[in-house]
Number of protein chains: 2
Amino acid sequence: MPVTIYDVAREANVSMATVSRVVNGNHNVKPATRKKVLRVIEELGYRPNAVARGLASKKTTTVGVVIPDIANSFYAELARGIEDIATMYRYNILLSNSDGNEDKERQLLETMLGKQVDGIVFMSERVSEGLRADMERASAPIVLAGSVEESAAVASVNIDYRQAAYEAVSRLTANGHKKIAFVSGPFTSNINQDYKLKGYTEALAEAGIPFDENLVVETDNFYEEGMEAYEQTKQEKPTAFFAGSDELAIGLIHAVQEDGFTVPEQVEVISYENSKLAQMVRPRLTSVAFPLYDIGAVAMRLLTKLMNAEEVEETQVILPHRIEERSSTRNA
Amino acid sequence: MPVTIYDVAREANVSMATVSRVVNGNHNVKPATRKKVLRVIEELGYRPNAVARGLASKKTTTVGVVIPDIANSFYAELARGIEDIATMYRYNILLSNSDGNEDKERQLLETMLGKQVDGIVFMSERVSEGLRADMERASAPIVLAGSVEESAAVASVNIDYRQAAYEAVSRLTANGHKKIAFVSGPFTSNINQDYKLKGYTEALAEAGIPFDENLVVETDNFYEEGMEAYEQTKQEKPTAFFAGSDELAIGLIHAVQEDGFTVPEQVEVISYENSKLAQMVRPRLTSVAFPLYDIGAVAMRLLTKLMNAEEVEETQVILPHRIEERSSTRNA
DNA sequence: CTGAAAGCGCTAACAT
DNA sequence: ATGTTAGCGCTTTCAG
């Protein structure tokens, strides 16, 4: 029922090859016939069938994006960075949530490859052995965004998580704190369990502070858990907190305040995210500024190069981070 | 290079039709040959090409989703509802941001139709005449989610915005307030300009309170604007605020507090969204509970019916809402 | 500058 | 239960 390239060819008295040429901007077409074809396309309301085109050309101009949870503002920001650059390069996005579940991740990869995406941006809190193997033998280029896979077998864009954590905690030790708690996101994420935790312990060690396991608490990054974490660590009398996310930091601050202490005068809190939330609470959050949007954008840009088979000097890119000073910490 | 259905057929000594049958779960295949084919598929690592399948069957099992901004938690929540149901029905999602720009919206619609999506879930703050016309002649079913289009020409899922606003403001008039400000999201959204504003004026009228245009301020839903809105309306000495979003409500509350008043004792604030944010501030926000996830889920479910050409009794669905009582208002 | 023709990989009658 | 045969709508040589 819909009008095809064939209908246009007939109406314009040319071959379908010629129609294809004008549709694809091929210059080998006489201006007069181009004009004629364009007019017929307009008249008939012809719209190229991208599926047929994809089958013939083996290019779909769509890239897959697998993300743990699009409703999580953290990942949503990343996704926006990906999408903007994808749009810029004329790609569309096939988006799926994995909920961080390995089976789903592998199955999603399979599905997207089946749909013949030209490339994939993948976000995962922990790339399993199996998933990494699948990625390596994938028929389309893949880049990890905000996700680290030890072997560096697949391209990725991140910040130096360990270093960022180290700096944040050093910011606290510099102010003389001896009891610094680390209220972390889930250790199912290797970034939390391996990198951020390491940065934390390194900063403590450097300041000659013994590691106290009662001062590190694992959470799912929820506000309420931040409040609970305060209760859990309270007996150790921590005077400073390194929070794994803004939500956690806010929960912590509220619990501290409800317990009768002031932030940052009596207790300092530094966060790790710097979302809009950081400026929507009192005191405003000092936080490691995590360039989510940029990570997504750079990952997508890298992917376009890979899809064009361009030479890429470095596939493991590390973006800079910084610490945004606000009011949940005292001036150093 | 990749293995095709043809390779499998050859290796298994059957016709491609048979392979197609086992791949598609057709029961007309002798168990023995099914098993043989399955084994070959496994051996060769055959993965059906969804593009070819789509061309032949005229079904892509993918639905388009156009959304103003996925980085906006409001829409991200909606998107998650859509995605979950889509996954449940084995559809994948082609996602694009429109930034509420009409040209982009129309062009995105065109692109998705070109990619032969089986259906579309559309979110828009204001469906223009042109867009509505495009939708009506679209070759795939479309449902609007959290977006209202006056003529009801296209299927949609919403709540009763006017009624919700009416209830929220009545909640305030009931407490005796005479000066109630409405700090709204952008009037580029017809939901704000037409429905919520109407609910607000109706509630005032019913309480015999004259409408004062100095008490309604339009914003872009940002926190800072909530604070500014307080400054702008301050001279009128409002004692209660109806905020268009949680961010706005929080900005308002902070401004009120900084001005030396207490919430809810001296000033009451009621919000309209009920995101996670509502529980992450002190006082916690009383808010109209906007069932974002459900709207997305129901919209997608409705779309599956439309795609299956099932009879649908009502294409304009209105979901229930409620008011979540917390601490930014006094008990009635 | 333009046309003819061969696929792309699969589904879907239609046979047998 | 299985095979044969047309396409699906477009890109892409290859001729001319």
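A quick note: this is a predicted structure, and the numbers were derived from the prediction, not measured.
Using a 4.5 Å heavy-atom cutoff, the side chains of B:V40 and B:V37 are not in contact. Using a 4.5 Å heavy-atom threshold, the side chains of A:R53 and A:P48 count as touching.
The CD1-C1' distance, from A:I5 to C:dA4, rounds to 14 Å in whole Å. Distance OH (B:Y6) to P (C:dA6): 16 Å, rounded to an integer number of Å. Remark: C1' of C:dG9 and CG of B:D7 are 10 Å apart, rounded to the nearest angstrom. In this entry the distance linking CZ of B:R21 with C1' of C:dA13 reads 10 Å, nearest Å.
Listed in residue order, the members of residues 46-62 of chain A having a heavy atom less than 4.0 Å from DNA chain D are A:Y46, A:P48, A:N49, A:A52, A:R53, A:A56, A:S57.
A:T33 has a side-chain polar atom (N or O) that falls below the 4.0 Å cut-off from OP1 or OP2 of C:dT2. Between A:S15 and C:dG3, a side-chain N or O to OP1/OP2 separation shorter than 4.0 Å is present.
No hydrogens or angles considered: a donor-acceptor pair under 3.5 Å links the side chains of A:Y293 and A:D84. Remark: the B:T60 side chain and the A:K115 side chain contain no N/O donor-acceptor pair separated by less than 3.5 Å. Side-chain contact of B:N24 with B:S20: a donor-acceptor pair under 3.5 Å is present, judged by distance alone. Using a 3.5 Å distance cut-off with no hydrogens or angles, the side chains of A:S147 and A:E149 do not pair a donor with an acceptor.
Residue-level contact check: A:V14 touches the backbone only, with heavy atoms under 4.0 Å from sugar-phosphate atoms and none from bases. A:N26 comes within contact range of no nucleotide atom at all, as no heavy-atom separation falls under 4.0 Å. Here A:S20 lies in heavy-atom contact (under 4.0 Å) with a base.
Along DNA chain D, read 5' to 3', the first and last nucleotides having any atom under 4.0 Å from a heavy atom of chain B are D:dA1 to D:dG9.
Listed by first and then second residue, the side chain to side chain donor-acceptor pair (under 3.5 Å) pairs involving residues 35-46 of chain A are A:R39-A:E43 (not counting sequence neighbours).
Under 4.0 Å is where a charged nitrogen must lie from a carboxylate oxygen, and between A:D134 and A:R137 at least one such pair does. One finds no salt bridge joining A:E77 and A:R80 here, because no Lys/Arg side-chain nitrogen approaches an Asp/Glu carboxylate oxygen to under 4.0 Å.
Of the two residues near DNA chain D, A:V3 and B:M16, the one whose nearest nucleotide lies more 5' is B:M16.
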